[in-house]
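What follows is a set of notes on a single structure, which appears directly below.
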Amino acid sequence: MVMLFGAAVVYGVVVSGFLLPARPSVPTTRLHAVEERPITINSGAGLFTASRPEDRRVGADVGGDARFKVVYVVLESQYQASMTAAVKAINDGRSGVTCECVGYLLEELRDPANVEAFKRDLSDANIFVGSLIFIQELADVVVEAVSVERDRMDAVVVFPSMPEVMRLNKVGSFTMASLGQSKSVISEFMKSKRKEDGSSFEEAMLKLLRTLPKVLKFLPGDKAKDAKSFMMSFQYWLGGSPENLESMLLSLATTYVPAARRDDLEVAEPVLLPDKGIWHPMAPKVFEDAKEYYDWYENVHAKAANLEATAPTVGVVLQKSHINTGDAGHYVSLVSELEARGAKVVCVYSGGLDFSGPISEYFLKVDSVINLTGFALVGGPASQDHPKAVETLTKLGVPYLCAVPLVFQSFQEWEASELGLHPVQVALQVSLPELDGAIEPIIYAGREGITGKSVPLDDRVTVLARRALNWAKLKNKANADKKIAVTIFSFPPDKGNVGTAAYLDVFGSILEVARELKRTGYTLPDSVNSMTAEDLMDSVLTDKEARYDSPTLNVLYKMSVDEYYELTPYAQELEENWGPAPGHLNSDGANLIVYGVKLGNVFVGVQPSFGYEGDPMRLLFSKSASPHHGFAAYYTYLEKIFEADAVLHFGTHGSLEFMPGKQVGMSGACYPDRLAGCVPNLYYYAANNPSEATIAKRRSYAATISYLTPPAENAGLYKGLKELSELVSSYQGLRENEGRGPSIVNSIVAAAISCNLDKDIDLTKDDAGAVVDAATMTLDDRDAVVGRVYRKLMEIESRLLPMGLHTVGVPPTAEEAVATLVSIAEIDRPEDDVVGLPRILAASANRQLEEVYKNADAGVLEDVELLQQMTTTTRDAVRALVDASTGSDGRIKRVEPMAKLMASAALFGGGLGLTPYRQTIKKSSVFSKAAEDPALTPLFEYLEFCLKQVVADNELGALVSALDGAYVEPGPGGDPIRNPNVLPTGKNMHALDPQSIPTAAAVDCAGRVVDKLLDRLKADDKNGEYPESVAFTLWGTDNIKTYGESLAQVMELVGVRPLPDALGRVNKLQLVPLEELGRPRIDVVVSCSGVFRDLFINQMNLLDRAIKLAAEADEPLSQNFVRKHALEQAEANGITLREAATRVFSNAAGSYSANVGLAIENGGWESEQQLQDQFVGRKGFAFNSDKPGEINQQTELFKAALATVDVTFQNLDSSEISLSDVSHYYDSDPTKVVQGLRKDGKKPSAMMADTTTANAQVRTLAETVRLDARTKLLNPKFYEGMLSSGYEGAREITKRLRNTMGWSATSGEVDNFVYEDANDTFIKDPEMQKRLLETNPNAFRDMVTTFLEANGRGYWDTDEDNIQRLQDLYQEVEDRIEGIITT
């Protein structure tokens, strides 16, 4: 950043693109009413404006004729003390001039009172100074205020900031008015040099910056003089000390302020530290040579500090400005803590914000690294180079912790905050470092409110030091001596659910891990090499049919109450919720019980339950709860009795990271921090769930290791659906036969009705509801009926479903990779210059793909058949690619790069010389011309790359590396079909830069989905009208996978366009004119998941601003439903329009979910009204961009907004997680809630968007539930695949039935036949009964209970024989579990 700035003025030339080399240029066309009004909040609102600019005012009472006034705005407060001291030194009378100075922290400008004071100060200011103004909405405030006074002021100096702020610069004739708007030779040269030389060029530019003023003095003209003045000012600012800042102010004042102008004052040259170096608080100087530092440290300091020669070494990355300004107390504290604990320390800094050079040069031997700047390793807050950072850290090869200093909050504000760390800091100093592979965002310092000085937080410094040292110890301790605690989960808490993890064969995976650990020298018994997963499960569970809460089973350790209180410092605080220990959970009445088994030095334990699963009153009323004594005792055992060197949480996911506490930036009072202690925490997490993995990283300090979800296959057709498909095939050849054709159509219709497809498609009925005889139809009418049936069958058959469960360390076979590659092949990827195969095939048939999709969706038989041929050809071509690289064992031996080697073969005729996939396409009767399309080459090169990724595996390797104290390479989480870079697994998973979404591609996709939604709703409405309000649910993982598609959908509905700022961060808004929109603005009510709130609170800010922008637009109410409803609610509740336009809601800070899913999973609910009250009570916390530090309970406002809703809407973005796979979707479904709140009692339309394929669909919720049931719960391919995984697979089947009932409870959109067919499949069939009972009796009991509950609650209407059979079965299973029946 600094080097770009330095070279920008070498010849007084204004450089474009300053600070923006890593970001694309931002288009400025199609701008209309861009929101330029700054955020306004009430004075003192939020949590982060309690500091006072008046505390930074100095010299106000000093008079004199040679007086000047300075106003400054900075991001952080570290310059405050130096500026204050500098002004006091000026005013001591020696310089002959006097100064008044007042400073504002950027975040303080959210307060309108502070903004007005800022403007008043500017009105008589002579000099304005700004630095690091990178928050867009606050940069707008600064630009608006300073622009008014700029021409009048004597000097305006702005150091690295947003380009629009930099353009305010004015030092004599020197300006940056054209910054970012024109190109120069210098800027292009610098960009190319930086790419060539990396950080070395930045370091060279820092030296150039130091020497330039001396060169410039020999250049003619005022521009050179003024450019020199600006450059000198920047040097003084970088120096940061009171003396340097005094010189800066005097130089500017005596040169440019008329009243203070003096020619006889000698101003000292800048006194600067080296541009990079090694710093130590006890060292005599800053070292620029590593050898010189290590010689001093080992021979002088280490001896004085009694540090052993073999002590671990911790590398520490510092921010130079804190050393310059003398604000290094927090650094000194950590260095002292580390050395007091016996560690050696190497502290480095860089003059710029690229730390890769100093790390590579100075960290010669370190065992772990702590970055204390809080910024990304390369680039800081403006633009980052994550690949360069990863390359540097990979070479270094040690754990990389990135701790965070409080910038915008005082210690007291942070401590009192439920949110924790300021949202802007979360985006810049937590999210961005995670992309580098950083772990453990521990708050270690705050700021003192009056002086702005950094203050170490003693307990946090201790935790940070201990955790860094424990990571370092892993590098040096022998594997045979390491103790590893593997933690598995049980939810809901009964024996049939021990070993719960999303799509993971937990016990099979633990066995693979145990064998790998033994192979690499860990102490485990020889039996792990011969035991089966069943043996391991039995050793953990003792008796898998027994109840979980039995105190006589699975007991590894009994902790006395005295021992518990002695070793658990916070134990007494739990008594408020749970009474005195031991309590009744994980207790035998006298002791606290730890369940599990030891395998040598590896402990496999069962994490206790959350504690309130079966308590409906807690579910209803608790905003949050503390862990119970048994939970706390478990983690006390791991750290203080077992003395684990590392904990491995096994699979997605447990309860630790969701315990009460701050959202981000834990304090010592937050339960995740207390429970995690100081033991390194590793966590196997499903690669498709980066959002919850990120919660685990931030709240429980986990280093995540991604694991693959099971391979996907097409759902296929079965039973009646398969027979119906055969009838459709027979129609194709007889359609024009007037004798046979109508008869076959009648058979097709009858078969479709028997399969319940008449609920999804129009089978042509007369006014009385009877099916029309096909003999009376025209040929076109018959084709239309068959086309609609055929399309529905294709939809079911081609649906992807995960097969079975994944075992860690076992990559998929070649056959298992095919379906995933087919889905990858279907997607256009313009960013990679890859055209999807369906588009290539369509073009060869002279068709537009979108037209084929549209006609096929409408049931046009010809295009349904064409689409099916495309699908078949795509599958065959991909299979040909895979087969060419498959060995005799069915696994990929080596991916052959045929696409590249044989690209020229497409020029030859026939099959000779063609790649296998081109040969396959050549055989197609419809698409043979596509075999010669050159676009196949880049597509199949991409597929070859993806095939390598799919079958690669580092899940065990990454774990072993992490346990060796090595750096685990980071990688994105998400959908591997959308983003194959998610693979291979075994990466330290991260989300994305939250300020990068929604992307332009996501906005385009969102527009298409919203168009389909509104078209469908208008078509279904008897009056053809638009809905007035849509209730949305936003999920964290979905928005990571799709780069913000559902976020963009909300803004598309209200007619507001998100725009990137000059740094590419999406935080600007544009109101789309009604003429361009072509429809009314649709109101929205947005319910954000707790995880979305944690990850994307800045995007919640963007949404709230967008909705309020629409509400305040002065437009006809018939064309602006946002404004219409907000005005009505403002009048009804006596509040302002902006308050009434509040539409973005979530849980309270630190709280997750509506707990509807918990209630249904545990049966702990009495009525649907209870579930609805839970939803409104727990999800009714409003986010307000006018008060960005608060999420306040606004239940009545939430209800008022929901009462206007016509449509509820959610998104499905991945085939891996659908409606019945998890409880989250129905947990947040407000369909029946809205019905109860609407004055007319009308049930809203419930809709789902499905973007799991290239041909996005919008369906009703009922249609989606039916599709999900047909492809999963009722599909033999699915349930047989699950049963092949045994114990855990049986639980997965039961879970989908329970989740289906959840949809009945929240929406009423589950058809009776779903329960009836499920009962026929799993209960009526004696053989299936037997298999389920023997595989997992507890899961089977839960299945029987679910059927009975569905009937009892009125969701399933069935005959008495079925109910009697279920009741008899329930008693039989109970007796079996209790041991009364043994066979």
Side-chain angles (χ1 to χ4, degrees), residues 28-42 45 110 112 115-116 136-137 140-141 143-145 147-148 1003 1006-1007 1010-1011 1014 1018 1025-1032 1047-1059 1066-1086 1100-1144 1182-1188 1194 1197 1200-1207:
T28 56
T29 57
R30 298 184 296 126
L31 294 182
H32 296 287
V34 178
E35 182 200 40
E36 296 178 346
R37 178 185 53 75
I39 287 183
T40 58
I41 60 174
N42 296 326
R110 292 191 188 277
V115 173
E116 290 306 311
Q136 181 66 55
E137 61 265 32
D140 292 341
V141 175
V143 170
E144 178 186 354
S147 295
V148 174
V1003 171
V1010 167
D1011 287 345
L1014 295 179
K1018 277 190 72 179
E1025 295 180 350
Y1026 286 106
E1028 291 197 7
S1029 182
V1030 177
F1032 253 87
L1047 184 67
Q1049 289 166 3
V1050 177
M1051 292 195 240
E1052 181 73 22
L1053 280 172
V1054 301
V1056 174
R1057 184 176 292 124
L1059 296 170
V1066 184
N1067 54 27
K1068 300 176 82 172
L1069 298 170
Q1070 173 190 33
L1071 191 69
V1072 180
L1074 288 172
E1075 300 78 29
E1076 182 183 339
L1077 195 61
R1079 56 166 174 80
R1081 301 189 195 281
I1082 311 299
D1083 198 4
V1084 292
V1085 184
V1086 185
M1100 291 172 70
N1101 184 311
L1102 193 70
L1103 276 180
D1104 187 66
R1105 287 165 50 201
I1107 294 164
K1108 286 172 177 171
L1109 185 64
E1112 292 178 334
D1114 189 6
E1115 296 168 340
L1117 300 187
S1118 61
Q1119 293 297 302
N1120 188 334
F1121 300 138
V1122 187
R1123 183 173 179 81
K1124 174 186 174 182
H1125 297 152
L1127 286 171
E1128 291 171 351
Q1129 290 156 16
E1131 183 177 357
N1133 296 288
I1135 54 180
T1136 67
L1137 175 66
R1138 283 184 69 79
E1139 290 172 325
T1142 298
R1143 295 288 185 272
V1144 182
F1183 182 87
N1184 186 349
S1185 59
D1186 294 344
K1187 301 178 182 180
Q1194 296 281 1
L1197 205 56
L1202 287 172
T1204 67
V1205 164
D1206 303 305
V1207 181

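One-based numbering along the sequence shown. Just so it is clear, the values below take in all heavy atoms, side chains as well, and ignore hydrogens, waters and symmetry mates.
Only one option out of Lys1108, Glu1139, Gln1194 pairs with Asn1184 in a side chain to side chain donor-acceptor pair (under 3.5 Å); it is Lys1108. For the side-chain contact (heavy atoms from CB on, under 4.5 Å) test with Arg1143, the passing option among Val1122, Asp1083, Leu1103 is Asp1083; the others fail. Exactly one residue among Met1051, Glu137, Lys1068 makes a side-chain contact (heavy atoms from CB on, under 4.5 Å) with Leu1102. That residue is Met1051.
The distance from atom OG of Ser1185 to atom CZ of Arg1138, rounded to the nearest 0.5 Å, is 5.5 Å. In this structure, CG on Leu1059 lies 5.0 Å from CD on Gln1070, to the nearest 0.5 angstrom. Distance check, rounded to the nearest 0.5 Å: CD of Glu1115 to CG of Leu1077 gives 9.0 Å. Taking CD of Glu1128 as the start and CZ of Arg1123 as the end, the distance is 12.0 Å to the nearest 0.5 Å. Here the CZ atom belonging to Arg1079 is positioned 6.0 Å from the CG atom belonging to Leu1053, to the nearest 0.5 angstrom. Once rounded to the nearest 0.5 Å, the distance linking CD of Glu1028 with CD1 of Ile1082 reads 8.0 Å.
For the pair Leu1197/Ile1135, a side-chain contact is recorded, criterion being any heavy-atom separation below 4.5 Å from C-beta on. Using a 4.5 Å cut-off on side-chain heavy atoms (C-beta onward), Leu1014 and Pro1027 make contact. Residues Asp1104 and Met1100 fail the side-chain proximity criterion, which asks for heavy atoms closer than 4.5 Å.
At least one donor-acceptor pair closer than 3.5 Å links the side chain of Asn1120 to the backbone N or O of Ala1110.
The two residues Leu1069 and Pro1058 come nearest to each other via the heavy atoms CD2-CA, 4.3 Å. Taking all atoms of both residues into account, the shortest heavy-atom contact from Ala1106 to Val1056 is O-CG2, 3.5 Å. In this structure, Phe1183 and Thr1142 approach most closely via the heavy-atom pair O-CG2, 4.1 Å. Taking every heavy atom of both residues into account, Val1205 and Ala1201 meet most closely at CG2-O, 3.8 Å. Annotation for Glu144 and Val148: closest pair O-CG2, 3.4 Å, computed over non-hydrogen atoms. The nearest pair of heavy atoms linking Pro1080 to Tyr1026 is CD-CD1, 3.6 Å.
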I would like to know whether Thr1204 and Gln1129 meet side chain to side chain contact (heavy atoms under 4.5 Å, CB included); could you show each step before the answer?
CA-CA 10 Å; Thr1204 67; Gln1129 290 156 16; 3.6 Å; yes

Run Glu1112 and Leu1071 through side chain to side chain contact (heavy atoms under 4.5 Å, CB included) and show every step you take.
CA-CA 11 Å; Glu1112 292 178 334; Leu1071 191 69; over 6 Å; no

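Within a 6.0 Å radius of CD in Glu1131, other residues, nucleotides and ligands contribute 12 heavy atoms or fewer.
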